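Heads up, the thing below is written out as structure tokens.
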Amino acid sequence: MLGPVILAASRSDRMRRLISAAPVTKQVVDRFIPGERVDDIVPVVRELTGKGLEVTMDVVGEDITRPEQAAAARDAYLELIDRLKDLELGDRAEMSVKLSLFGQALPGGHELALANIRPVVEAAAAIGTTVTLDAEDHTTLDSMFAIHDELRRDFPQTGCVIQAYLFRTVTDARRLAANGSRVRLVKGAYKEPAEVAFQRKAEIDKAYVRVLRILMEGEGYPMIGSHDPRLISITQELAHRAGRKLDEYEFQMLYGIRGDEHLRLAAEGHRMRVYTAYGTDWYGYFMRRLAEKPANLRFFVRSMVGNG
């Protein structure tokens, strides 16, 4: 069970320094994070959308300690939106945001995060696209859902993320499906205690299917965040049973993982969106990618051994 160990390491300053200093780290990080600046990411967006894919972009960074950093995150997204305007991609290029980056954990964080995210959502709507609020650890979710509800009053296309491994998610999914939300369903990538979350893979997979069925039978727009071939197949079956057309749900996968599958699904007529992160504060994002899938960790270890 290396996943919890890796997630713990994602919060360790000592491990951050050690891994960041490793010569091989950059080449491995580049597999998952294709750039540090907007100028790096625009060609990636052009390439992906040119292949019939869609994108959601995440400016990486979470552990901020000052309101000025939250304002800088807001401005980074506004810069991204300004660049996307020239590409005229509409909702084929949307954004994902973590409210921790917008100040949610600071004193007065709920109001601060809402104040910082609102202009980003407004600017996104002005160019015909939208924003999805990423889910973080369970202690942040009530605030995230409240901000989501507030934003949807003026911008109903604003999406949110729910995590299958949390016990609360069935209830959250029923509410969101009933009110027509855009909802990305993921398994969950934070170290959560047994009091609030399933711990075993088999339990998490079963929970994922239960929640997926709720979303497919509901009034909203499901976004399936998974690379698991079995769950992709189940999604297609549940969508068929629910009478959903191919443009009434979408698949989402991470940049750098199963790229051939991205193209296969798009070629079959599915909406296939690639979660594409960029920025300099990549450590927490990168460690969760290693924790999510053993193959990612093996890739990293082989690279380190081969270049040691």
Side-chain angles (χ1 to χ4, degrees), residues 54-58 91-99 117 120-121 124-125 129-138 140-190 192 196-198 204-228 231-232 234-254 265 270-275 292:
E54 304 182 17
V55 295
T56 183
M57 282 155 289
D58 174 13
D91 68 356
R92 294 184 64 205
E94 64 152 46
M95 278 140 285
S96 292
V97 303
K98 289 180 173 60
L99 292 176
I117 191 62
V120 173
V121 174
T129 191
T130 189
V131 169
T132 295
L133 307 183
D134 275 330
E136 301 183 68
D137 76 81
H138 77 279
T140 69
L141 295 184
D142 287 341
S143 171
M144 185 273 280
F145 286 129
I147 289 174
H148 176 248
D149 290 344
E150 178 69 23
L151 292 171
R152 286 196 76 226
R153 292 175 185 173
D154 297 319
F155 306 98
Q157 69 274 30
T158 306
C160 69
V161 176
I162 56 176
Q163 302 168 101
Y165 67 171
L166 294 175
F167 300 153
R168 65 174 289 169
T169 297
V170 165
T171 300
D172 292 330
R174 286 176 178 148
R175 178 180 64 84
L176 293 163
N179 68 23
S181 295
R182 294 172 61 255
V183 182
R184 180 193 303 144
L185 173 62
V186 299
K187 289 185 179 181
Y190 291 83
E192 298 286 13
V196 302
F198 296 109
I204 297 170
D205 286 352
K206 289 178 182 178
Y208 195 102
V209 175
R210 284 196 297 271
V211 176
L212 177 58
R213 183 176 289 109
I214 292 169
L215 297 179
M216 283 296 181
E217 294 174 354
E219 301 299 321
Y221 180 78
M223 302 180 284
I224 315 309
S226 178
H227 307 90
D228 187 327
L231 292 178
I232 291 169
I234 290 172
T235 295
Q236 292 170 314
E237 175 61 26
L238 290 177
H240 177 73
R241 290 183 191 176
R244 285 186 178 263
K245 300 175 183 177
L246 291 182
D247 63 353
E248 293 177 338
Y249 65 99
E250 68 183 51
F251 292 102
Q252 296 192 1
M253 299 185 190
L254 297 170
L265 289 168
H270 291 284
R271 296 192 72 178
M272 173 62 232
R273 193 177 300 275
V274 184
Y275 191 106
E292 281 175 346

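Just so it is clear, the structure is predicted and the values come from calculations on it, not from any experiment. Residue numbers count from 1 along this sequence.
- By the side chain to side chain donor-acceptor pair (under 3.5 Å) test, R92 pairs with no residue at all, sequence neighbours left out.
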Given the rule in the side-chain contact (heavy atoms from CB on, under 4.5 Å) test, do I117 and L133 qualify, once you have shown the distances and angles that lead to the verdict? CA-CA 10 Å; I117 191 62; L133 307 183; 4.3 Å; yes
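- Atom OG1 of T132 is separated from atom CG of D58 by 11.0 Å, given to the nearest 0.5 angstrom.
- Distance CD/Q252 to CZ/R184: 4.5 Å, rounded to 0.5 Å.
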Could you walk me through whether D91 and R182 pass side-chain contact (heavy atoms from CB on, under 4.5 Å), step by step? CA-CA 13 Å; D91 68 356; R182 294 172 61 255; over 6 Å; no
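- Applying the side chain to side chain donor-acceptor pair (under 3.5 Å) criterion to R271, with sequence neighbours excluded, gives E54, Y221.
- Side-chain contact between F251 and L231 is absent, with no heavy atoms from C-beta onward closer than 4.5 Å.
- P222 and E248 make their closest contact through CD-O, 3.6 Å (heavy atoms, listed as atom of the first residue, atom of the second, distance).
- Side-chain atoms of Y249 do not come within 3.5 Å of backbone N or O of Q236 as any donor-acceptor pair.
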Between V274 and L254, does a side-chain contact (heavy atoms from CB on, under 4.5 Å) hold up when you go through it step by step? CA-CA 6 Å; V274 184; L254 297 170; over 6 Å; no
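- In this structure, OG in S181 is found 7.5 Å from CG in D149, a value given to the nearest 0.5 Å.
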Are Q163 and H138 close enough, and set up right, to give a side-chain hydrogen bond (donor to acceptor under 3.5 Å, both in side chains), and what steps lead you there? CA-CA 9 Å; Q163 302 168 101; H138 77 279; over 6 Å; no
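- Smallest separation of non-hydrogen atoms from L238 and V209: CD1-O, 4.5 Å.
- Contact record, M57 with A93: CE-CB, 4.0 Å, taken as the closest heavy-atom pair.
- Residues forming a ring-ring contact (aromatic ring centres under 6.0 Å, His included) with F167 (at least two apart in sequence, or on another chain): F198.
- At a threshold of 4.5 Å between non-hydrogen side-chain atoms, the residues D142 and R168 count as touching.
- The two residues T56 and S96 come nearest to each other via the heavy atoms OG1-OG, 2.7 Å.
- For the atom pair OG1 (T140) and CG (D134), the distance works out to 10.5 Å, reported to the nearest 0.5 Å.
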Working note: M216 + I224, criterion side-chain contact (heavy atoms from CB on, under 4.5 Å); need CA distance, chi angles, decisive distance, verdict. CA-CA 10 Å; M216 283 296 181; I224 315 309; 4.2 Å; yes
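- Nearest heavy-atom pair across E136 and L99 is OE2-N, 3.2 Å.
- Atom CD1 of I232 is separated from atom CE of M272 by 8.0 Å, given to the nearest 0.5 angstrom.
- We find the CD-OG1 distance between E94 and T158 to be 10.0 Å, quoted to the nearest 0.5 Å.
- Side-chain atoms of E192 do not come within 3.5 Å of backbone N or O of L166 as any donor-acceptor pair.
- For the side-chain contact (heavy atoms from CB on, under 4.5 Å) with H148, the lone residue among V131, L141, V161, L176 that qualifies is L176.
- Across all non-hydrogen atoms, the minimal contact from Y208 to A164 is CA-CB, 3.6 Å.
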